[in-house]
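Contents: one structure, followed by commentary.
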Amino acid sequence: MSAVIVVHGGAWAIPNGLAKASVDGVKVAACEGFSVLQRGGSALDAVEAAVRALEDNTVFDAGHGAVLNADGEVELDAIIMDGRTLASGAVSSVKNIANPVSLARAVMEKTAHVMLTSTGANLFAESIGMATVPTDTLVTENEMKEWRKNKNYVAGVMEDFNCQWAHDTVGAVAVDSAGNVACATSTGGIRNKMVGRVGDSPIIGSGGYADNFVGAVSCTGHGESILKVTLARLILSHVEQGKSLADSSQLSLKYMGDRVLGAGGAIVVSPSGQWAATFTTERMAWAAVDHDGLWYGLEPNERLKEQLSQ
């Protein structure tokens, strides 16, 4: 069984000024996750490592690049899921945590629950000794500027995404050499969102899903739209019916567009090592590493390849 990892840095109208940094960021994260797999790490370890790399990169709206809500606060969401056992952990509306994906994994492994929110999630982080960081270290100067410029949520969304309902979540899916799959998704949400708003990212079956019998998915896009169609699970239901990963993703994204006018993207991997990266927004930064090398893209139907340095 050959190991594979796929990552995305969000499906939206990525401006030219962020294009190169977005692609570079997902390539680094994919290589980070793949090195975990090469060392014999699990798919779960790989997706956590890849998403942590994206959370640490201020280019992306997760962890250190998070956007601000209507009150000028950071509220972070994340999920991680193990396809071998269907164990899952998620956090929503957490503050002062640089890597919410790792807190989500702790929820999965150290509690009897699937999701913790807000104060409860932060109290849990404190109880297990997870380091906190001052909120201002998670916010870029550019985000402060953008937030001040436009505090109107709806207008902000329309402007950010050129009228395409989508957003800059990050995520990863992987299959390890034992054939186990896993997914992880993390986000800072949508700029100027209502305090306490939770999108699709931390919701099992919407922002992500992993099942060894079918595959693993991480979604990105307009959270409310993804929630309405439970996008991750919808994609896997098409896979269960025998459709290819790419067709399953395209059909599901088209359904979301037709039914609730939502745009987005998804990355998928199967237990046999097949993978796909699909989106209906203007752009999505994605990268994958398999036995053939490093694949990446930004534009629709773009699939570029690099050899990995040994």
Side-chain angles (χ1 to χ4, degrees), residues 7-15 18 21-22 25-26 29 48 50-80 90-104 115-118 121-122 125 132-151 153 156-157 159-161 165-172 184-203 206-208 218-224 226-227 264-265 281 284-285:
V7 307
H8 70 75
W12 57 298
I14 299 168
L18 285 179
S22 297
V26 291
E48 181 186 10
V51 169
R52 281 180 66 97
L54 294 163
E55 288 173 338
D56 290 342
N57 187 331
T58 57
V59 169
F60 303 106
D61 173 23
H64 283 89
V67 297
L68 298 170
N69 67 15
D71 280 2
E73 299 170 326
V74 169
E75 290 183 313
L76 306 170
D77 304 333
I79 192 171
I80 194 165
V91 293
S92 73
S93 299
V94 297
K95 305 178 193 305
N96 307 336
I97 300 291
N99 296 111
V101 70
S102 294
L103 183 56
M115 177 184 279
L116 293 177
T117 70
S118 192
N122 275 97
T132 57
V133 294
T135 295
D136 58 8
T137 66
L138 298 176
V139 183
T140 64
E141 276 180 41
N142 184 58
E143 173 55 23
M144 282 304 300
K145 227 179 288 174
E146 290 294 323
W147 179 78
R148 288 195 191 101
K149 188 176 83 177
N150 189 347
K151 290 190 182 184
Y153 168 74
V157 170
E159 189 179 290
D160 281 355
F161 312 125
W165 296 92
H167 207 57
D168 187 8
T169 306
V170 304
T185 308
S186 180
T187 190
I190 294 180
R191 181 179 297 125
N192 294 313
K193 63 188 177 179
M194 287 178 68
V195 174
R197 177 263 187 188
V198 179
D200 68 290
S201 297
I203 306 299
S206 291
S218 173
C219 297
T220 170
H222 182 238
E224 283 71 13
I226 292 171
L227 282 163
T281 52
M284 180 174 83

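Side-chain atoms are counted along with the backbone in the values below, which use heavy atoms only and exclude waters and symmetry mates.
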To the nearest 0.5 angstrom, please state how far the [atom1] atom of [X] sits from the [atom2] atom of [Y].
X	Y	atom1	atom2	result
T281	I14	OG1	CD1	7.0 Å
L227	S206	CG	OG	4.5 Å
S186	R52	OG	CZ	11.0 Å
L68	I190	CG	CD1	14.0 Å
T117	E75	OG1	CD	10.0 Å
D200	I79	CG	CD1	9.5 Å

Any side-chain heavy atom of [X] sitting closer than 4.5 Å to one from [Y]?
X	Y	answer
K95	T132	no
I97	N122	yes
N99	D56	yes
W12	L18	yes
E73	V195	yes

Shortest non-hydrogen separation from [X] to [Y] and the atoms involved:
X	Y	result
I80	A104	CG2-C, 4.0 Å
W147	N69	NE1-O, 2.7 Å
V133	A98	CG2-N, 4.1 Å
C219	I226	CB-CD1, 4.3 Å
H8	L54	O-CD1, 3.7 Å
V74	A66	CG1-CB, 3.8 Å

* To do: Test V170 against V51 for side chain to side chain contact (heavy atoms under 4.5 Å, CB included), laying out the working first.
  => CA-CA 7 Å; V170 304; V51 169; 4.2 Å; yes
* To do: Check step by step if side chain to side chain contact (heavy atoms under 4.5 Å, CB included) holds for L103 and L76.
  => CA-CA 11 Å; L103 183 56; L76 306 170; over 6 Å; no
* Just checking, any donor-acceptor pair under 3.5 angstrom between side chains of T135 and N96? -> yes
* **Lys/Arg-Asp/Glu bridge criterion (N-O < 4.0 Å) met for K193, E224** => no
* To do: Would you check if the side chain of D61 reaches a backbone N or O of V67 as a donor-acceptor pair within less than 3.5 Å?
  => yes
* Test side-chain hydrogen bond (donor to acceptor under 3.5 Å, both in side chains) applied to T185 and S218, step by step -> CA-CA 6 Å; T185 308; S218 173; 2.8 Å; yes
